[in-house]
Every structure is written in C-alpha cells, then in structure tokens.
Protein chains: 2
Amino acid sequence: MSSEITIGTLARSAGVGVETVRYYQRRGLLPTAGTKKGAFRVYGDPELARLRFIRRAQALGFKLDEIASLLALDEETDRESARALARTKIADVEERIRQLQSVHSALQELVSCCEHTEAPAPCPILRTLGGEAD
Amino acid sequence: MSSEITIGTLARSAGVGVETVRYYQRRGLLPTAGTKKGAFRVYGDPELARLRFIRRAQALGFKLDEIASLLALDEETDRESARALARTKIADVEERIRQLQSVHSALQELVSCCEHTEAPAPCPILRTLGGEAD
DNA sequence: GTTGACTCCGTACTTTGGTACAGGGTCTAG
DNA sequence: CTAGACCCTGTACCAAAGTACGGAGTCAAC
C-alpha cells in the first residue's frame, strides 16, 4: 500500500464512495487535516485502517455515533469500555430479534388462517387489520 | 363513538398526533375531503377504523407504501393479494432475523474472547475491528 | 364579547447514512 | 500544451416517518 494515496483510491480500497469518506470526515470519524501533495490531500495506512474499522463496526450493527466511541478507545487501556459497548449492542440486537420474532409469529398466524379458509369468506388478514376479527 | 369528531380527537383515539394524521392524509392514506362542520373537517367511524388499520399494519412491520397497497384491497375479493403481501413481509422479517443472528454471533464471539483474555493483552474487540487479529 | 383550545394550510425540520451537484482548481499521461 | 480524471468546497437532496412551526381562522364555554 502506497503511503500517499488520494481520496478516491482510499475510498475504493475500503469499498465506499468518495462522498462517503467526505461524510465521515465531516462527522469527525476520519481526519480532514493531513498531508497534502500539492492541493490534494493524501492518505496512508493509518487512514485506510481507520476507514476499514468503521466499515467492520458498521457490519456488526454499530451506528456511526457508536463507532466514534469505539474509535476513541485504546486497545491497551480500554478493554472494559469496548466490552461494555459490545454487550450493549448485543442486548440491542437480541431485543430487535425478539420484536421481529413476535411480528413473524403474528404474520404467520394470519397467513395460516387465510390458508384454512376459503372464499367467499372474507380475508382474515384484512379483517384482522381492520379490527373486525372477533 | 360520535360520528362527528375533529382531527385531534381522531388522532388521540388512535394514539397518534394530529401531525401524523395530516401526514397520512398528504400521503393519501387517509381522506382529506369529507364532511365539514363549519370550517373544520369532521370524521367518523370509517376514518377511525382506517387509521387503526394503518397502525396495526405498521405494528406488523409494513411500511406506509405497503399499507397503502393493503388498504386498496377488498376483503371479499382480494384474499390472494393480501396473502401474498403478508408472505413477502414474512420473508423480509425472516431475512432480517438471520442477519441479526449473524451479527449477534459475531459480537458474542468477540465478547467471549475478551472475557478469556486479560490485560495487558490488548482488547480483542478493537483489534478485530482494526483488522489486526490474525 | 373574550379567550383559550383547536383547526387549517403550507413550509420547514429531524433522524441516520449517505449521495449528488455546481463551480472551480489540480494533476498527469499523452 | 491538452484533455480527462480527479480533487476540493459547500450546499442540496434522498429515503422513511414523522414533527414542528407560523400565520390565520374557528369554535364554544364563560
């Protein structure tokens, strides 16, 4: 990896667009100030690593604000903080899964009911949504 | 239920705000034209029922555009369409649950790894996000 | 009549994570 | 030198589902 790449190359190396990198810079997640080569800003391994960190953290469900907190942590001294953030995210994910499972069950019931009745009985899905079911 | 309620009462009866009702009206989900009592629009059971339909459908994970489709269906003649929409939503929910379960597993591994190592070893969560883990 | 709650209309704003311009400048291969 | 790709800056826009005004008018109890 060359140590002096411009923003387009940096973005492509992390699988994002230039606009996204600029957005992260505006959000303070990536540095704006730095080395320049003429009028163009150039970036190196540290910036690429940081950008990839952001993407990996997003893939794990962290939001940008949460990622900012993770980025502020130090590998050597902040084990507890990192673990706490991860645990919080786990709890969020578990709660969301529960909600979705509840929704799933309700939907399944409606479809199953629909499959066990026939026209000319009215649609149980629509009747339930309409508040007409029993 | 009085057959001539104003928008505030309608909204409260369905547990939403006036602005939300107006928003649904703008979106075409609820009627704008209708009976007036002086300068104020008044609503009745059909409008309240429709508003509750929207909320129930949202609770089942349908988006407003999808709800518009549901609202356009007829209980007597559109059983298949309703069932198809519900099935699609079920598939969406199942996919989302899978994604979240994958995220959950990855997070659990990281936290577990963190729990089985101690300082002064650097934080495995941050190392993994940083791309430094093996 | 007065006043306060409410309604109407139209426009703007919020959240989150982008994405797209416009206008002007820079860089580099040919 | 030229031309095209790219960079920079700042502003606007998008999706989805609301929410909040401002300004003006209405309604009903007192």
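FYI, side chains are in, hydrogens and waters are out, and symmetry mates aren't considered; it's all heavy atoms of this structure. Every chain is numbered from 1 and lettered A, B, ... according to where its sequence line falls, protein lines coming before strand lines.
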Review point. Quick one: CG on A:L100 to OG on A:S105, what's the gap to the nearest 0.5 Å?
Key: 11.0 Å
Practice item. Quick one, give me the B/S/- string for nucleotides 25-30 of chain D, reading 5' to 3', where B means a protein heavy atom under 4.0 Å from the base and S means that only happens at the primed atoms, P, OP1 or OP2. Key: BBSS--
**Study point:** Ion pair A:R98/A:E95, N-O distance below 4.0 Å
**Key:** yes
Check your understanding: Just how far is it from atom CZ of B:R12 to atom OG1 of B:T6, taken to the nearest 0.5 Å?
Key -> 7.0 Å
Review point. For every nucleotide of nucleotides 10-21 of chain D, 5' to 3': is a protein heavy atom under 4.0 Å from its base (B), only from its sugar-phosphate (S), or from neither (-)?
Key: -------BBBBB
Check your understanding: Going 5' to 3' on DNA chain C, which nucleotide is the first and which the last to come under 4.0 Å of a heavy atom in chain B?
Key -> C:dC6 to C:dC9
Check your understanding: What pair of heavy atoms forms the shortest contact from B:I125 to A:R83, and how long is it?
Key -> CD1-CA, 3.7 Å
Review point. Does A:R12 have a side-chain nitrogen or oxygen under 4.0 Å from the phosphate oxygens OP1 or OP2 of D:dA5?
Key: no
Practice item. Compare every heavy atom of B:R56 with every heavy atom of A:G131, then report the nearest pair and how far apart it is. Key: N-NH1, 3.3 Å
Check your understanding: Take atom CD in B:Q99; do more than 12 heavy atoms of anything else shown fall under 6.0 Å from it?
Key -> yes
Point to revise | salt bridge (Lys or Arg N to Asp or Glu O under 4.0 Å) involving A:R55 - partner list, sequence neighbours excluded | key: none
Exercise for review: Measure the CG-NZ distance between A:D92 and A:K63 for me, rounded to the nearest 0.5 Å.
Suggested key: 7.5 Å
Point to revise | Under the side-chain hydrogen bond (donor to acceptor under 3.5 Å, both in side chains) test, residues paired with B:Q25 that sit two or more places apart | key: B:Y43
**Study point:** Qualifying residues under salt bridge (Lys or Arg N to Asp or Glu O under 4.0 Å), relative to B:E115, sequence neighbours excluded
**Key:** A:R87
